[in-house]
Protein chains: 2
Amino acid sequence: MTGLREKILTTASNLFQTQGINSTGVDTIVAVAGTTKMTLYKYFGSKEVLILEVLKQGHQDFQNWLNDKLSTNTKQPTEKLQKLFDYIEEWVTSPDFHGVGFIKASAEFPKEDNPVHQLSSQQSQQFKQYIHHLATEANIKDAEGLALQLSLLFEGAVQAEQMKRGSGAIKYAKTAAKFLIDGALKH
Amino acid sequence: MTGLREKILTTASNLFQTQGINSTGVDTIVAVAGTTKMTLYKYFGSKEVLILEVLKQGHQDFQNWLNDKLSTNTKQPTEKLQKLFDYIEEWVTSPDFHGVGFIKASAEFPKEDNPVHQLSSQQSQQFKQYIHHLATEANIKDAEGLALQLSLLFEGAVQAEQMKRGSGAIKYAKTAAKFLIDGALKH
DNA sequence: ATCATCCTATACAGATTAGTATAATCGTAG
DNA sequence: CTACGATTATACTAATCTGTATAGGATGAT
């Protein structure tokens, strides 16, 4: 028993990433996961609930992984900030990287009153605040500005990497990030 | 007579931007445009053709507008590069800004063999090469690297601006871009 | 063995979608 | 006036999708 609920979650996550969310039917998910619709709707009351759960899981996985890396491998606040994009690169280029959910989700659900859009927007802001937190601890003057700039680079790079895998976008985003961070540290 | 074909094109462009491409039915488009499906299918053989045509139109409009601004208001190559994001900000914050098509399209059509994905990927690369061209004329050493970084900032900022209108993402992308450009000019 | 629980298998309802067929209507040129 | 091209109006097909209903297995505990 590997847990049917989790199996459905990871299968849906992979399919959403590779085929798109709206283009992935429930029938396809259960077929690939090796189960039936009845069990899917038992664990997740609707497709929308499943989408939200996939987003939550993916975001939590990333946040946990990143936070773990930063808290165990670095000590000083400025070092955390400087190594942030090293770990992001490690995450994005890892073979089991399955994309950043909230970027794709916000594009597929653009209406602001949509729950999926709201969650992805919230997750995007949460990640930005995480960088903001790192920047303030590193005594950056305009911490909010730097956080926004770095999150722009992050989202742009992930977008580019999704559009063409192995494009090396992350590498250049990393050098740009270091440059921006070093510049902000001097003030 | 305002031209039915154009009316359908702009209507579809707006709806795709605000509601998403896959979530916008052909019936909705013709209802808003004030025509019928028969005329739509007369001008555009299929919904996919319409999507492609909307993408082409939007990309061409942007490229023409930007190129015009740069060629009339600036003369020196380095000045063009430095004012690039000023004009991008002007474009993005203009009231009739209807998004950057290829960013949303590539998210909604992730399969690489899909014609819509291929066109949007091609347009993204075309924009990057345009910046590359500006950078080489300004005698930037690593012109390709800078072009990639600036396009990352551009796509990230547009993405953020789409996610939350008036977020000011463009403003911070602009300062980051100027910083990166100035840094690259010193070598 | 029996019973309950979890899962499967399959069929179906109801809604939505892209695309087509057909007939009616309008404006305009000759 | 007539004839023609363009557009409308409407109904339809065929496919697809979410969600449900119903019946049948499998397994494990008591």
Contacts of type salt bridge (charged side-chain N to carboxylate O under 4.0 Å, His left out), residue [X], not counting sequence neighbours:
{"X": "A/K56", "value": "none"}
{"X": "B/K37", "value": "B/D27"}
{"X": "A/K69", "value": "A/E90"}

Exercise. From the list D/dA6, C/dT8, D/dT8, which nucleotide is the closest neighbour of the side chain of B/L4?
Worked result: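 Closest nucleotide among those given: D/dT8.
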
Exercise. Which one of B/I131, B/V100, B/I170 satisfies the side chain to side chain contact (heavy atoms under 4.5 Å, CB included) criterion with B/F154?
Worked result: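 Of all the options given, the one that passes is B/V100.
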
Protein N or O to nucleotides 25-27 of chain D N or O, pairs below 3.5 Å:
none

Within this structure, what is the [atom1]-to-[atom2] distance between [X] and [N], rounded to whole angstrom?
{"X": "A/K42", "N": "D/dG19", "atom1": "NZ", "atom2": "C1'", "answer": "17 Å"}
{"X": "A/F44", "N": "D/dT18", "atom1": "CZ", "atom2": "P", "answer": "15 Å"}
{"X": "A/L40", "N": "D/dT18", "atom1": "CG", "atom2": "P", "answer": "10 Å"}

Problem set entry | Any A/T39 side-chain nitrogen or oxygen under 4.0 Å from OP1 or OP2 of C/dT8 |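 Affirmative; the distance criterion is met.
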
For this session: Considering just the side-chain nitrogens and oxygens of A/T35, establish if one lies under 4.0 Å of OP1 or OP2 belonging to C/dT8.
Result: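 Yes, because at least one side-chain N or O of A/T35 sits under 4.0 Å from OP1 or OP2 of C/dT8.
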
For this session: Look at B/E79 together with B/K75 and state whether they make a salt bridge at an N to O cut-off of under 4.0 Å.
Result: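 So B/E79 does not pair with B/K75 through a salt bridge.
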
Exercise. At under 4.0 Å between heavy atoms, what does B/Y43 touch on the DNA or RNA strands: base, sugar-phosphate, or nothing?
Worked result: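 Sugar-phosphate contact only - B/Y43 comes under 4.0 Å of backbone atoms but never of a base.
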
Exercise. B/F62 and B/F127: aromatic ring centres closer than 6.0 Å?
Worked result: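 Distance test on ring centres: under 6.0 Å, yes.
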
Within the sub-3.5 Å range, which N or O atoms of nucleotides 14-20 of chain C have a protein N or O partner, and how far apart are they?
residue, atom, partner, partner atom, Å
C/dA18, OP1, B/K47, NZ, 2.9
C/dA18, OP2, B/V26, N, 2.9
C/dG19, OP2, B/Y41, OH, 2.9
C/dG19, OP2, B/K47, N, 2.8
C/dG19, N7, B/K37, NZ, 3.0
C/dG19, O6, B/K37, NZ, 2.5

Exercise. What side-chain hydrogen bond (donor to acceptor under 3.5 Å, both in side chains) pairs are there with at least one residue in residues 134-158 of chain B, not counting sequence neighbours?
Worked result: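 Checked against side-chain hydrogen bond (donor to acceptor under 3.5 Å, both in side chains) - neighbours excluded - the pairs reaching residues 134-158 of chain B are A/T175-B/Q149, B/S124-B/E155.
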
Exercise. Just by distance, do the side chain of B/T28 and the backbone of B/T24 share a donor-acceptor pair under 3.5 Å?
Worked result: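 No; zero donor-acceptor contacts below 3.5 Å.
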
